[in-house]
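Written out below as structure tokens is the structure these notes cover.
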Amino acid sequence: MLGRRHVLHPQARLERGSTRMQPFALVDCNNFYVSCERVFNPRLEGKPVVVLSNNDGCIVARSNEAKALGIRMAAPWYQAEKEARRQGIACFSSNYALYADMSARVMTVLGQFSPHQEIYSIDECYLGFAGFESRDLVAYGQEIRHRVKQWTGIPVGIGIASTKTLAKLANHTAKKQERFAGVCDFGRFSSRDLDALLEGIAVIEVWGVGRKTHLRLQKMGIHTALDLKRSDRRQIRAQFSVMLERTVAELNGLSCIDLEEADPAKQQIISSRSFGRPVCCLQDLSEAVSSYTLRAAEKLRAQGSVASSIGVYILTNPFKPETPQYQKTFVVPLAKPGDDARVLVQAALKGLGHVYREGFQYKKAGIVLMGLERKSTRPRTLFDDPVSEARSTRLMHLMDTINARMGQGTLTLAASGTHKTWRMRRGRKSPDYTTCWEELPRVLAGGPRHPLFDTRKDSP
DNA sequence: ATCACGGTTTGCA
DNA sequence: CTAACGTGCAAACCGTGAT
């Protein structure tokens, strides 16, 4: 699914490549969001299921059965709905609280299988297998799959290879070809066999090759993963970027992209959301912008950073060109870098005042925290007030602690509103099985069932 | 000619 | 029934002004 893409890497490595050959494993949860829903509703097993993006916008996860029925990834729901209903496909709004919680459980289990783990996205992680070479890595992979399934209910696939890019392709192979039973180790392949396999993989499947790059590569006659592997690195660099050059090196077994075990602090933090309905009035926009700012500020503090400015943007619906279009961004510098929700919200609302125009139907708003630096190393000035800073820090810590314990939004600011009629659509959300006590009655009242707690026979 | 910057666009997942 | 196309991030790019 989604994840961070490469981060910069010393140039020397690109020239020489890694001297040590350490295997990487890429563990990827199968159809992750769908699998999460199935853990708590086993009747969905074997049935076509899809999960929708925020605001029930488009399809972001499909079960194998849904894929087989020709349901396309990223299909706008309002277009796909009719056909999906006709085919009896189960559909869920996304429930990120549930998926994040399940992800944390999966990652914890996976972390027990290697001292080196990079959590790459909500449903994927790399494990470093340096020093494991004497093991039977395929058998080890099967052990991992089995335990993750047993302890969390989530099925995973595993690809193993000498570079992260190849491990991704190995993972792809593990899922595509039945005979691998969910674990594929390129280390087991002769170079001839590996090339034959790469020849059968479209270049778009390669990590870092997206729609645009795919198109340009095709025009150059590069169609398969093997074509890209055999391409001229310098030419790729000249016509594309160092990133793609690294990809080529990695396809050739030259490891250029390290495991990133500590996730680097973000340079900017964005929080944005589409509205459930068109929004016109400043009051609603203020509430939305305040809510988004609170969430971004929470992330900011979680990574121990302070922001030096905050950008605010609002826009109308670009998919409705017949309505008046408008979009604007405004950046508010902060007097001094900070992480206090109250200060950030105040700045955000000031920014909103600059971008807001009456008479438009707004579809989406967002904020961006920029100019981030480590709180601990930020420069201090004579005008800092240690007492009020300590007070702010204590209050923010209290908010973060309560919200972590009692659920997001338990303690908030009045500015973020209470009715939130602008909130995104998510009418098909499943209960927050693992993260919300209030959902328990709904869970127990004959709704979807948990396999461990429910002994009723499945009805046909 | 080169650099640093800030804002915008592009691309990826 | 309404109406209806996501989000987060960083690299690359580009124009500007300073040196």
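Nothing here was measured: the structure is a model prediction, and the numbers come from that model. Throughout, protein chains are lettered first and strands after them, A, B, ... in sequence-line order, and every chain is numbered starting at 1.
Checked against side chain to side chain donor-acceptor pair (under 3.5 Å), A:Ser416 has the following partners two or more places apart in sequence or in another chain: A:Thr412.
OP1 or OP2 of C:dA4 sits under 4.0 Å from a side-chain N or O of A:Lys320. Proximity of A:Lys212 to the phosphate of B:dT10: no side-chain N or O atom is located under 4.0 Å from OP1 or OP2. Contact annotation: A:Thr213 does not reach the phosphate of B:dG11 (side-chain N/O to OP1 or OP2, under 4.0 Å). Between C:dC5 and A:Asn317, a contact under 4.0 Å exists linking OP1 or OP2 to a side-chain N or O. Side-chain N/O atoms of A:Ser94 include none lying less than 4.0 angstrom from OP1 or OP2 on C:dG6.
Both A:Lys299 and A:Trp77 lie close to DNA chain C; mapped to their nearest nucleotides by heavy-atom distance, the more 5′-ward contact belongs to A:Trp77. Projected onto DNA chain C by closest heavy-atom contact, A:Tyr313 and A:Phe240 fall at different nucleotides, the more 5' of which corresponds to A:Tyr313.
Side-chain proximity of A:Val242 to the nucleotides C:dA12, B:dA13, C:dC5 is greatest for C:dA12. Counting only heavy atoms from C-beta on, A:Glu124 has its side chain closest to B:dA13 among B:dA13, C:dG6, C:dC5. Side-chain proximity of A:Glu81 to the nucleotides C:dA12, C:dG6, C:dA4 is greatest for C:dA4. Here the nucleotide nearest the side chain of A:Ser274, chosen from B:dA13, C:dC9, C:dT7, is C:dT7. Distance from the side chain of A:Arg273 is smallest for C:dT7 among the nucleotides C:dT7, C:dC5, B:dG11. Distance from the side chain of A:Pro278 is smallest to C:dA4 among C:dG6, C:dA4, C:dC9. The listed nucleotides are C:dA4, C:dA10, C:dT7; the one nearest the side chain of A:Arg425 is C:dA4. The side chain of A:Lys363 approaches C:dA4 more closely than any other nucleotide in the set B:dA13, C:dA4, C:dC9.
If you measure from atom CD of A:Gln239 to atom P of C:dA12, you get 16 Å, rounded to the nearest angstrom. Atom-to-atom, CG of A:Leu372 to P of C:dG8 comes out at 15 Å; the value is rounded to the nearest Å. Going from atom CZ of A:Arg277 over to atom P of C:dA4 covers 13 Å, rounded to whole Å. For A:Tyr99 and C:dT7, the OH to C1' distance is 15 Å, given to the nearest whole Å. Atoms OH (A:Tyr120) and P (C:dA10) sit 12 Å apart, rounded to a whole Å. For the pair A:Met243 CE and C:dC13 P, the interatomic distance rounds to 11 Å; values are reported in whole Å. Atoms CG (A:Leu217) and C1' (B:dG11) sit 13 Å apart, rounded to a whole Å. One interatomic measurement links the two molecules: CD1 of A:Ile367 to C1' of C:dT7, which rounds to 13 Å at whole-angstrom precision.
Heavy atoms of A:Asn55 sit nowhere under 4.0 angstrom from any nucleic acid atom. Across all strands shown, A:Leu52 has no heavy atoms under 4.0 Å from either base or sugar-phosphate atoms. A:Gln79 comes within 4.0 angstrom of a base, heavy atoms only. A:Ser271 comes within 4.0 angstrom of the backbone, heavy atoms only, and of no base.
The shortest non-hydrogen separation linking A:Ala25 to A:Ile160 is CB-CG1, 4.1 Å. The minimum heavy-atom distance between A:Lys320 and A:Gln325, with the atom names listed, is O-NE2, 3.0 Å. Shortest non-hydrogen contact noted between A:Arg233 and A:Val248 is CG-CG1, 3.5 Å. The minimum heavy-atom distance between A:Lys299 and A:Ile270, with the atom names listed, is NZ-O, 3.9 Å.
C:dG6 sits 16 Å from B:dG11 when the C1' atoms are compared, rounded to a whole Å.
With a cut-off of 3.5 Å on both pairing distances, the Watson-Crick and G-U wobble pairs of DNA chain C assemble into stems of 3 or more at B:1-13 with C:7-19.
If you check distances only, the side chain of A:Gln268 does reach the base of C:dA10 with a donor-acceptor pair under 3.5 Å.
For A:Tyr33 and A:Tyr96, the ring centers are positioned less than 6.0 Å apart.
At distances below 3.5 Å, not a single donor-acceptor pair connects side-chain atoms of A:Asn31 with backbone N or O atoms of A:Val34.
Sorted by first then second residue, the salt bridge (charged side-chain N to carboxylate O under 4.0 Å, His left out) pairs that include residues 274-294 of chain A, not counting sequence neighbours, are A:Arg277-A:Asp284.
Around NZ of A:Lys67, the count of heavy atoms belonging to other residues, nucleotides or ligands within 6.0 Å exceeds 12.
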